[in-house]
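What's counted below: heavy atoms across the whole structure, side chains too, no hydrogens, waters or symmetry copies. Source: prediction; values computed, not measured.
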Amino acid sequence: MKLIEFYYDDGSWKLENLHLKQLNLLVGRNSTGKSRTVSLINLMFRFIAQKSELKQGRIWKMKFINHSGQTISYSFVADFMDTKILSESIEIDGEEVLSREYDSDESTGKASMKSVLTNQFDEVFPPNNKLTLHVRRDTKNYPFLEDIANWAEESYGFRFGNSDSFTDSNLIEYQPLVTIEHVPTYLSKLSDEERQNIILSINTLGYAIEDINVNTNENSTSYFYIKEKGVGKLSQFKLSQGLLRALAIITYIEYLISKRNPATILIDDLCEGLDYERAIKLGKLIFEKCKNSNIQLIATTNDNFIMDVVDIEHWNLLTREGSTVTAMNYDTHRQLFDDFRFTGLSNFDFFSSDYLEQQKA
């Protein structure tokens, strides 16, 4: 199942018109909300999968295409301060199959949900702090709930770049994405053949790694080390930031593809800190891996190298006016994107130049 639309509003910050495909690159000027967007999607699927509490947001709307080609629209309104679900709705191809309202006098909500077996609506009474799918999953009667739950359980997020105090303070609100520190854990779960796949992938970027392994020190802390041709063994603490980040994301994707069969992978700050040649090669490698594995990729970047090699057909260009962030992409603004192709400018110039302002004039 693929996420094709996402909307969010917490009363002070709003994201609208985000349309997604299998491969997606979120771009925009600094402080437009790229990292916040992927962190919110990360929080949303973690909450649905009951991996974290809802600590932000009021109105959440999302739309999916499931494996049968049905469009599933799912929305809920929450009071995150008290972790209450005020309303909840699911539609399949425009037909409502779940509706729920909040009763302030009761400790439970009341949901009406349509069974695909009986074609009748059943009443369900979920606690006010839980979604309906948290308390009622039935693959035969309510397969649409299973679709949403399975998508959330099979979605993962990774932060590629270095953290800073501002970003960390924001991500804590939405639940942090997986980072480099988790890599030894994933490496330890891979087979020798899967580690060889990582070595082959990393060496296509211009490195010369011969082996990669995991050690656990006397404090039971795990770390990995590599053997580089002509250099010998190097622990992860002695690697350049570029090599460390590239190894981390390739390991993460190899692990997910081989062990988890992921539906969606989020990557924040894709290829940050890499030089021109390696950024281009790694960006192409990751997009190709996800394309060939039918994984939905949602990545952000500030790197003009990546922007110039990823077709603008895969872009979501974020712009912000006040507290409202709006996404433009090839499906929603096709003429704008097609006209840009004939300008002769680089992809990066799409938003870094005055092209968009001229189009608005």
Side-chain angles (χ1 to χ4, degrees), residues 1-20 36-66 70-115 121-138 141-155 157 173-175 263-264 266 298 324-325:
M1 192 160 80
K2 299 289 187 292
L3 177 67
I4 59 172
E5 291 183 25
F6 182 68
Y7 173 95
Y8 169 89
D9 187 352
D10 63 17
S12 61
W13 193 87
K14 181 191 297 185
L15 172 69
E16 57 186 17
N17 211 37
L18 182 64
H19 291 245
L20 299 164
R36 194 171 191 176
T37 296
V38 295
S39 296
L40 286 166
I41 296 173
N42 183 63
L43 172 60
M44 184 260 292
F45 66 62
R46 287 179 63 89
F47 176 61
I48 292 174
Q50 300 191 76
K51 296 177 182 177
S52 66
E53 296 181 359
L54 192 65
K55 297 182 178 180
Q56 189 75 17
R58 177 172 173 81
I59 303 173
W60 300 77
K61 297 179 182 179
M62 56 220 79
K63 188 177 290 186
F64 304 91
I65 293 289
N66 70 7
Q70 295 174 312
T71 300
I72 301 178
S73 301
Y74 184 37
S75 64
F76 59 88
V77 178
D79 179 354
F80 73 90
M81 296 296 292
D82 294 325
T83 320
K84 293 178 181 176
I85 307 300
L86 304 180
S87 66
E88 189 178 6
S89 174
I90 297 179
E91 293 182 357
I92 300 179
D93 292 335
E95 178 189 0
E96 188 170 59
V97 295
L98 183 148
S99 63
R100 169 185 178 174
E101 296 298 333
Y102 171 73
D103 187 343
S104 60
D105 295 328
E106 298 290 340
S107 60
T108 62
K110 180 180 179 181
S112 180
M113 191 159 51
K114 186 175 183 179
S115 166
F121 280 88
D122 304 320
E123 288 188 345
V124 183
F125 299 90
N128 284 332
N129 64 343
K130 298 288 186 181
L131 296 172
T132 303
L133 59 78
H134 289 162
V135 297
R136 188 67 179 271
R137 288 175 62 173
D138 185 324
N141 279 292
Y142 318 115
F144 47 89
L145 293 184
E146 202 67 16
D147 282 341
I148 296 170
N150 286 338
W151 171 83
E153 291 165 358
E154 295 170 359
S155 296
E173 296 181 30
Y174 315 125
Q175 287 295 325
T264 306
L266 308 173
I298 305 173
T324 299
V325 176

Undergrad: Distance check, rounded to the nearest 0.5 Å: Ser155 atom OG versus Met44 atom CE?
TA: 8.0 Å
Undergrad: Shortest non-hydrogen contact from Leu133 to Ile48?
TA: CD1-O, 3.8 Å
Undergrad: How long is the straight-line distance from CG of Leu98 back to CD of Glu91, given to the nearest 0.5 Å?
TA: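 Atom-to-atom, Glu91:CD and Leu98:CG are 10.5 Å apart.
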Undergrad: Assess, by modelled atom type and distance only, whether the side chains of Thr264 and Trp151 contain a donor and an acceptor separated by less than 3.5 Å.
TA: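 On atom types as modelled, these side chains qualify, holding a pair under 3.5 Å.
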Undergrad: Kindly write out the residues that satisfy side-chain contact (heavy atoms from CB on, under 4.5 Å) with Ile59, not counting sequence neighbours, or none if the list is empty.
TA: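 Partners of Ile59 by the side-chain contact (heavy atoms from CB on, under 4.5 Å) criterion, ordered by chain and then number, come out as Tyr7, Asp9, Lys61, Val77.
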Undergrad: Can you name the nearest heavy-atom pair linking Asn128 to Asp103, along with the distance?
TA: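 Scanning both residues, the minimum pair turns out to be ND2-O, 4.3 Å.
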Undergrad: Roughly how far, to the nearest 0.5 Å, is CG of Asp79 from CZ of Arg58?
TA: 7.0 Å
Undergrad: Would a 4.5 Å heavy-atom cut-off, applied to side chains only, mark Leu40 and Trp13 as touching?
TA: yes
Undergrad: Taking the side chain as everything from C-beta on, heavy atoms only, tell me whether Phe47 gets closer than 4.5 Å to Leu131.
TA: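 They are in side-chain contact.
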Undergrad: Let me see the working for Lys84 and Tyr102 under side-chain hydrogen bond (donor to acceptor under 3.5 Å, both in side chains), right down to the final yes or no.
TA: CA-CA 9 Å; Lys84 293 178 181 176; Tyr102 171 73; 3.3 Å; yes
Undergrad: Please check if the number of heavy atoms outside Lys63 that lie under 6.0 Å from its NZ is greater than 12.
TA: no
Undergrad: Return yes when atom CZ of Arg137 has more than 12 non-hydrogen atoms of other residues, nucleotides or ligands closer than 6.0 Å, and no otherwise.
TA: yes
Undergrad: Could you pull out the closest heavy-atom pair between Ala152 and Phe45, with the gap in Å?
TA: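 Answer, listing the atom of Ala152 first, then Phe45: CB-O, 3.4 Å.
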Undergrad: Going by the rule side-chain contact (heavy atoms from CB on, under 4.5 Å), which residues pair with Phe125 if we only count those two or more places apart in sequence or in a different chain?
TA: Thr108, Lys110, Glu123
Undergrad: With side chain to side chain contact (heavy atoms under 4.5 Å, CB included) as the criterion, how do Leu18 and Ile41 come out once you've worked through the C-alpha distance, each side chain's angles and the decisive distance to 0.1 Å?
TA: CA-CA 11 Å; Leu18 182 64; Ile41 296 173; 4.3 Å; yes
Undergrad: Is the side chain of Arg46 donor-acceptor paired with the backbone N or O of Ser52 at a distance under 3.5 Å, no angle test?
TA: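 Between the backbone of Ser52 and the side chain of Arg46 there is no qualifying donor-acceptor contact (under 3.5 Å).
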Undergrad: How would you list, by chain and number, every residue that makes a salt bridge (charged side-chain N to carboxylate O under 4.0 Å, His left out) with Arg100, sequence neighbours excluded?
TA: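 Checked Arg100 against salt bridge (charged side-chain N to carboxylate O under 4.0 Å, His left out); matches are Glu88.
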Undergrad: Do Phe121 and Met113 have side chains that approach each other closer than 4.5 Å (heavy atoms only, starting at C-beta)?
TA: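 Of all side-chain heavy-atom pairs linking Met113 with Phe121, none is under 4.5 Å.
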Undergrad: Nearest 0.5 Å please: distance from the OG1 atom of Thr324 over to the CG atom of Asn17.
TA: 12.0 Å
Undergrad: If we only count heavy atoms from C-beta on, is the His134 to Asn129 side-chain gap below 4.5 Å?
TA: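 They are not in side-chain contact.
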Undergrad: Search all heavy atoms of Ile90 against all heavy atoms of Phe144 and return the closest pair with its distance.
TA: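 That closest heavy-atom pairing would be CD1-CD1, 4.0 Å.
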Undergrad: Mind checking what makes ring-ring contact (aromatic ring centres under 6.0 Å, His included) contact with Tyr142, not counting sequence neighbours?
TA: none
Undergrad: Out of curiosity, Ile4 CD1 to Ile65 CD1, how far, rounded to the nearest 0.5 Å?
TA: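 The distance works out to 4.0 Å.
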Undergrad: Would you say the side chain of Ile148 lies within less than 4.5 Å of the side chain of Met1, judging by non-hydrogen atoms?
TA: yes
Undergrad: Closer than 3.5 angstrom, by distance alone: can the side chain of Asp93 be matched with the main-chain N or O of Thr71 as a donor-acceptor pair?
TA: yes
Undergrad: Are side-chain heavy atoms of Leu15 and Phe6 found at a separation under 4.5 Å?
TA: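 In contact.
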Undergrad: Pair Tyr74, Ile92 - check side chain to side chain contact (heavy atoms under 4.5 Å, CB included), show working.
TA: CA-CA 9 Å; Tyr74 184 37; Ile92 300 179; over 6 Å; no
Undergrad: Run the ring-ring contact (aromatic ring centres under 6.0 Å, His included) test against His19 and tell me which residues pass, sequence neighbours left out.
TA: none
Undergrad: Look at the side chain of Asn42 and the backbone N and O of Val38, then say whether any donor-acceptor pair between them is shorter than 3.5 Å.
TA: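 Pair absent, no side-chain N/O of Asn42 close to backbone of Val38.
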Undergrad: Flag the pair Ser89 / Ser99 as yes when at least one side-chain heavy-atom distance between them is below 4.5 Å, and no otherwise.
TA: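 No, their side chains stay 4.5 Å or more apart.
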Undergrad: Give me the ring orientation class for Trp60 and Phe76: parallel if the planes are under 30° apart, tilted from 30 to 60°, perpendicular past 60°.
TA: parallel
Undergrad: Rounded at 0.5 Å granularity, tell me how far CG in Leu54 sits from CD1 in Ile85.
TA: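 It is 6.5 Å, given to the nearest 0.5 Å.
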Undergrad: Can you see which heavy atom on Thr132 is nearest to which on Ala111, and at what distance?
TA: OG1-CB, 3.9 Å
Undergrad: Output all residues satisfying salt bridge (charged side-chain N to carboxylate O under 4.0 Å, His left out) with Lys114, sequence neighbours left out; order by chain, then residue number.
TA: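 So Lys114 forms a salt bridge (charged side-chain N to carboxylate O under 4.0 Å, His left out) with Glu95.
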